[in-house]
Amino acid sequence: MAPASKADRKAALDVASWMFNVSTSVGIIMVNKGLMARYGFTFASTLTGLHFAMTTLMTIVLRCMGYIQPSHLPFSELAKFVICANFSIVGMNVSLMWNSVGFYQIAKLSMIPVSCLLEVLFDKIRYSRDTKLSILTVLVGVAVCTVTDVSVNAKGFMAAAIAVWSTALQQYYVHYLQKKYSLGSFDLLGHTAPLQAATLLIIGPFLDYWLAEKRVDLYDYTIPSVFFIVLSCTIAVGTNLSQFICIGRFTAVSFQVLGHMKTIFVLVLGFFFFGKEGLNAQVVLGMALAVIGMIWYGNASSKPGGKERRMYPISSERILKIGVSEDGTLDKV
């Protein structure tokens, strides 16, 4: 009974973590849509810097309360993570500006195969046929939902490539750092959020001026717009934390595959709250395919052999170099 209860507890925590990520991610998208569409706050990079500043404040408070224990993360690792994360944010903003919405969505979809490639190369993960087909079903379903016109140019393609690879690396790095240095989600956020906040608040206003030709310091701040900015920053704390929790509990690939559920929620909520996109037969068909693919992926990847680390046989030469210690364990001679 003990193993069963432990498995049930893990499953419940997995579901709770995922629902936390979905709710905060969808919530921040809807709030940001309202902030940008209704109040004209188009400074996405600066807003992201404010998100991490609020997250930094949260980690400081939790550290003072004793919920975050002292931990170590080498500066070289921290710097590589922050570079990938900031390239991801900047790349996504530039890609959206230089590309059509259709190609932007295709670029986002390509993060799944890139994340799979990273797991194959670095973690020696092997996917079963069903797992591969389930991922393909999710990609096709989301593409049917979201991809409309597709046009691309050289600089737009370059921006999309940088955005995709940096995002995939950043998400892979979250899982890698947590495992290698035994860091919890709060611990990793405590290390990364301050540096991300500082760098984005420095480069964000210049990037936003380049993209929108508007200065954030000249924006007409009103009580409603400031309320939405604060609300966005507050929800972002949960979004940042839940991302680290989910990638730590699952993998970057699972996070990407199941993450497209958020795309479906955003489409549905956008229809009800903004009324700009209709739920036509094509969109409904795409949603159905994506949901089927996600359920299939969850089932296929959890089966034996569905998604596992490759094990390499020991060669005869290595066997000759291995001896047996006095306690019966294998030791290299």
Side-chain angles (χ1 to χ4, degrees), residues 18 21 76-77 79-92 94-96 99 102-144 146-147 150 152 154 156-181 188 192 243-244 246-263 289-290 293-294 296-313:
W18 188 249
N21 179 257
S76 59
E77 301 275 36
K80 286 186 284 187
F81 175 87
V82 171
I83 289 172
C84 288
N86 287 352
F87 265 104
S88 169
I89 294 166
V90 173
M92 282 297 179
V94 175
S95 176
L96 184 59
N99 293 311
F103 185 76
Y104 175 77
Q105 291 294 344
I106 289 177
K108 287 182 66 177
L109 289 176
S110 66
M111 289 179 196
I112 291 181
V114 170
S115 296
C116 289
L117 179 62
L118 292 178
E119 286 193 351
V120 170
L121 291 177
F122 298 133
D123 292 339
K124 310 303 180 186
I125 297 294
R126 179 177 56 193
Y127 297 91
S128 68
R129 174 177 168 274
D130 277 358
T131 304
K132 294 175 184 176
L133 289 175
S134 66
I135 292 175
L136 180 61
T137 304
V138 173
L139 293 174
V140 171
V142 177
V144 171
T146 59
V147 176
V150 179
V152 62
F157 179 83
M158 184 63 65
I162 292 173
V164 167
W165 278 94
S166 58
T167 302
L169 282 169
Q170 181 255 345
Q171 293 182 354
Y172 174 84
Y173 221 44
V174 169
H175 188 79
Y176 167 79
L177 292 176
Q178 287 187 344
K179 296 299 181 184
K180 181 175 181 179
Y181 296 100
L188 187 56
T192 61
Q243 179 188 11
F244 281 23
C246 286
I247 297 178
R249 296 188 68 87
F250 310 114
T251 64
V253 172
S254 297
F255 182 76
Q256 283 287 344
V257 171
L258 299 177
H260 284 298
M261 181 62 73
K262 292 177 283 191
T263 303
L289 277 175
M294 291 172 201
W296 188 5
Y297 174 81
N299 184 53
S301 62
S302 62
K303 288 182 178 179
K307 182 180 177 182
E308 62 185 9
R309 190 181 300 274
R310 285 177 288 184
M311 303 297 292
Y312 296 100

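What you are looking at is a predicted structure, and each value in this text was computed from that prediction instead of being measured.
- The two atoms that bring Val94 and Ala159 nearest to each other are CG1-CB, 3.8 Å, heavy atoms only.
- Ser134 meets the side chain to side chain donor-acceptor pair (under 3.5 Å) test with no other residue; sequence neighbours excluded.
- Side-chain contact between Trp18 and Cys246: present, with at least one pair of heavy atoms (C-beta onward) separated by less than 4.5 Å.
- Considering only heavy atoms from C-beta on, Phe244 comes within 4.5 Å of Thr192 through its side chain.
- Note: Leu121 CG to Cys116 SG = 11.0 Å, rounded to the nearest 0.5 Å.
- Partners of Lys80 by salt bridge (Lys or Arg N to Asp or Glu O under 4.0 Å), not counting sequence neighbours, listed by chain and number: Glu77.
- To the nearest 0.5 Å, the span separating CD1 on Ile112 from OH on Tyr297 amounts to 8.5 Å.
- Here the CG atom belonging to Leu136 is positioned 8.5 Å from the CH2 atom belonging to Trp296, to the nearest 0.5 angstrom.
- Distance check: Leu133 CG to Ser128 OG gives 8.5 Å after rounding to the nearest 0.5 Å.
- Nearest approach of His175 to Ile247, heavy atoms of both residues: ND1-O, 2.8 Å.
- Contact check for Leu117 versus Trp165: side-chain heavy atoms found under the 4.5 Å cut-off.
- Side chains of Ser166 and Ser88: no donor on one and acceptor on the other come within 3.5 Å.
- Shortest non-hydrogen contact noted between Leu188 and Leu177 is CD1-CD1, 4.1 Å.
- To the nearest 0.5 angstrom, Met111 atom CE is 2.5 Å from Met92 atom CE.
- Among all heavy-atom pairs drawn from Gly91 and Ala163, the shortest one is C-CB, 3.5 Å.
- Closest heavy-atom contact between Tyr127 and Glu119: OH-OE1, 2.5 Å.
- Atom OH of Tyr181 sits in a crowded spot, with more than 12 heavy atoms from other residues, nucleotides or ligands closer than 6.0 Å.
- Of all non-hydrogen atoms in Gly141 and Leu289, the two that sit nearest each other are CA-CB, 3.7 Å.
- Between Phe81 and Tyr173, the ring planes lie parallel to each other; the angle is under 30°, not in the 30° to 60° tilted range.
- In this structure, CD1 in Ile135 is found 11.5 Å from CG in Asp130, a value given to the nearest 0.5 Å.
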